[in-house]
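Chain letters run A, B, ... following the sequence lines, proteins first and then strands; every chain starts at 1.
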Number of protein chains: 2
Amino acid sequence: MKRVIIVEDEAIIATEIEYYCIDLGYKVVGKFMNGDAALDGFATLDPDIALLDINIKGSKDGIDLARVIREKYNFPFVFLTSYADVATLEKVKEVLPYGYIVKPFTENDIRSNIEIALFKFGQESMGGFPSQASIFNKLNIQLTDREYQLFQGLYEGLSNKAMADTYFISINTVKTYLKSLFTKLDVSSRGEAMKKAIDLMKG
Amino acid sequence: MKRVIIVEDEAIIATEIEYYCIDLGYKVVGKFMNGDAALDGFATLDPDIALLDINIKGSKDGIDLARVIREKYNFPFVFLTSYADVATLEKVKEVLPYGYIVKPFTENDIRSNIEIALFKFGQESMGGFPSQASIFNKLNIQLTDREYQLFQGLYEGLSNKAMADTYFISINTVKTYLKSLFTKLDVSSRGEAMKKAIDLMKG
DNA sequence: GCTAAATTCACCCCTTTGGGTGGTTATGGG
DNA sequence: CCCATAACCACCCAAAGGGGTGAATTTAGC
C-alpha cells in the first residue's frame, strides 16, 4: 500500500484529499498545514509520494518543499494549485513536479495524477537506493551514517579498496563498518547485502 | 523507447494501432497476424509490451499467447477485444491481463492502456532478472546457457560454493564460467556484475 | 564529569574470489 | 570426418574479503 503525505493549509481540502486517497486504496501517513512540519514528516514517515499545495503557509512554500524532496529524498511529488502567477509557474517548472492537481478537483483527478506520478517516478528512478529512514521502516534496522554510506558504495559494486579511496578512509575502517553492516543486515557476503538492497527496492 | 508488439489479424486495425503507437513515441518492433508467428517474435524481438487480439487466427489464440508470455517472458500484455462471450471472458481473467482495449478505440485508449499496463507491470515485477535475449539486445552480449544460469545465481547473492551445490557442478566449473561471464560483461568482481544486472533492469 | 555511541584505525588469520594455465568429452553443422 | 563451440574439471597463485580482537578519540546526552 503506497504511503501518501498531504501538505495543504485549507483543512476542508486536505480532508477531502485524504478521503479520496483512502477510498483509492492509499495510506495517508501524514497531513500537514505548514511547510516546516511537513519537512519533519518527510524525514520520519517514509512516504511514497507527497501532494504539495504550492502556496503553503510557513517559512517554506510548496516549491521550497519540492526542492528539499529532490535533494534529500527519493519519492515523487504532485502540486496542488488553484492559480499561479507567471513567476510562480516558472519556479514550479524548475523543480520538475510529477504532476499538477488543479482545484477544484475530482477523485479521478487525484487517482490519475497519483498513478501517473508513481509511474513516471518508477520509470525515472528505478534503482534509487533506499533511504536510511526507509531501511529503518522496512527492516527495523538503524544504520549509522558511515554504515549507510558504505552500503551505498557496496551497492555500486565498489571494492573495499575503491570505497576507502573514494571516501578518504582507511581500508580497515571500510572493513570495520562493513562488518557491522553485515551483522545488522544478517548477511555474510557483499553479494547477500546487495541482494538485500535490491529486495528492499521492490517494496 | 518502449518496444511494442502488435498481434492482430485485421490489417486495417493493426495498422491503425501501429500508427497511434508511433505517434505516442513507442517503437513497434513487430506486427503479427497469427499466433505462431507472434511466438517467434516474442522470442527474438525483446518487446516491452504486447497488444494481443483475443480472437487471433492460428493454432494459438490471444489467450494462449498470454499464457506463454506469463510462463516464459517478462513483459506485460493488453488484450484487444470487440466482444467476448462469457466463457472467453472467464479464460481472459485467468491469464491476468494488464488491461483491455475495446474496439473501436481512440488514440487515448491506446495511450492510457499502455501506460497503465507498463506501470502495473513495473510495480509487480520490479526486480525481474533480464532474459538472455534482453541481455543480447541491450548489451550485444551472447551468454551461453551456463553463463546465464550462473549470472542469475550470482544475482541472488549466492557464493561460488552455493552455486556449485545448487547446480550440481564442480566449483571449478563455476569459477570457469564466472570468468568467461566477467570477461563478456567487462567487469572484474561479482559486485560489478550484480550492478550490471541492476542497471540492465532499469532499461 | 561520566557514559554510551560513533568513528577512526591496526593487526591476526582463514576463506573466498578471480586471473591464469591446461586438458577431455560431447554436440552440431558443414 | 573436421571444426568450432560448449560443457566439464583440475591446479597455481595472488588478491580480496570477512570474522575476530583491540585501542584511541570525538560527540552528545544525562
| said: Please confirm whether the shortest side-chain N or O distance from B:T173 to OP1 or OP2 of D:dA7 is below 4.0 Å. | reply: no

| Nucleotide nearest B:S159 (side chain, heavy atoms from C-beta), chosen from D:dA6, D:dG17, C:dT17 | C:dT17

| request: Find the distance B:M163:CE to C:dT17:C1' and express it as a whole number of Å. | output: 11 Å

| Rounded interatomic separation in angstrom, taking NZ from B:K161 and P from C:dG18 | 17 Å

| field | B:L154 CG to B:K196 NZ distance, which is reported to the nearest 0.5 Å | value | 13.5 Å

| task | Report the distance from atom CG of B:D145 to atom P of C:dT27, rounded to the nearest whole Å. | result | 15 Å

| Within the pair B:N160 and C:dT16, is there a side-chain N or O less than 4.0 Å away from OP1 or OP2? | no

| field | Whole-Å gap separating P (C:dA5) and CG (A:L143) | value | 16 Å

| task | Could you state the atom-to-atom distance from CE of B:M194 to P of C:dG18 in whole Å? | result | 12 Å

| remark: Ranking C:dC11, D:dA7, D:dG18 by distance to the side chain of A:F182, first place goes to D:dG18

| message | Can you tell me if A:S188 touches the phosphate of D:dG18, counting only side-chain N or O atoms and a distance under 4.0 Å to OP1 or OP2? | response | no

| request: Name the orientation class of the two ring planes belonging to B:F42 and B:Y73 (parallel below 30°, tilted from 30 to 60°, perpendicular beyond 60°). | output: perpendicular

| query | C:dG20 C1' sits how many Å from B:N172 CG, rounded? | reply | 13 Å

| query | Can you find a donor-acceptor N/O pair under 3.5 angstrom joining the side chain of A:K179 to the base of D:dG20? | reply | yes

| d(CG, B:L178; P, D:dA7) in whole Å | 13 Å

| query | Does a nitrogen or oxygen in the side chain of B:T176 sit under 4.0 Å from OP1 or OP2 of D:dA7? | reply | no

| said: Between the side chains of B:E8 and B:K103, is the shortest nitrogen-to-carboxylate-oxygen separation below 4.0 Å, so that they form an ion pair? | reply: yes

| task | Over 60° means perpendicular and under 30° means parallel, so classify the ring planes of A:F129 and A:Y148, tilted if in between. | result | tilted

| message | Of the options C:dC9, D:dC8, C:dA6, whose atoms approach the side-chain atoms of A:I169 most closely? | response | C:dC9

| task | Could you state the atom-to-atom distance from CD of B:E147 to P of D:dT5 in whole Å? | result | 13 Å

| said: So, OP1 or OP2 of D:dA16: does either fall under 4.0 Å of a side-chain N or O from B:S189? | reply: no

| note | Between A:V187 and B:F168, whichever has its closest DNA chain D nucleotide further toward 5' is B:F168

| field | Note: B:R111-B:E115 ion pair, threshold 4.0 Å (strictly below) | value | yes

| request: Taking only the side-chain nitrogens and oxygens of B:R190, find out if one of them lies under 4.0 Å from OP1 or OP2 of C:dG18. | output: yes

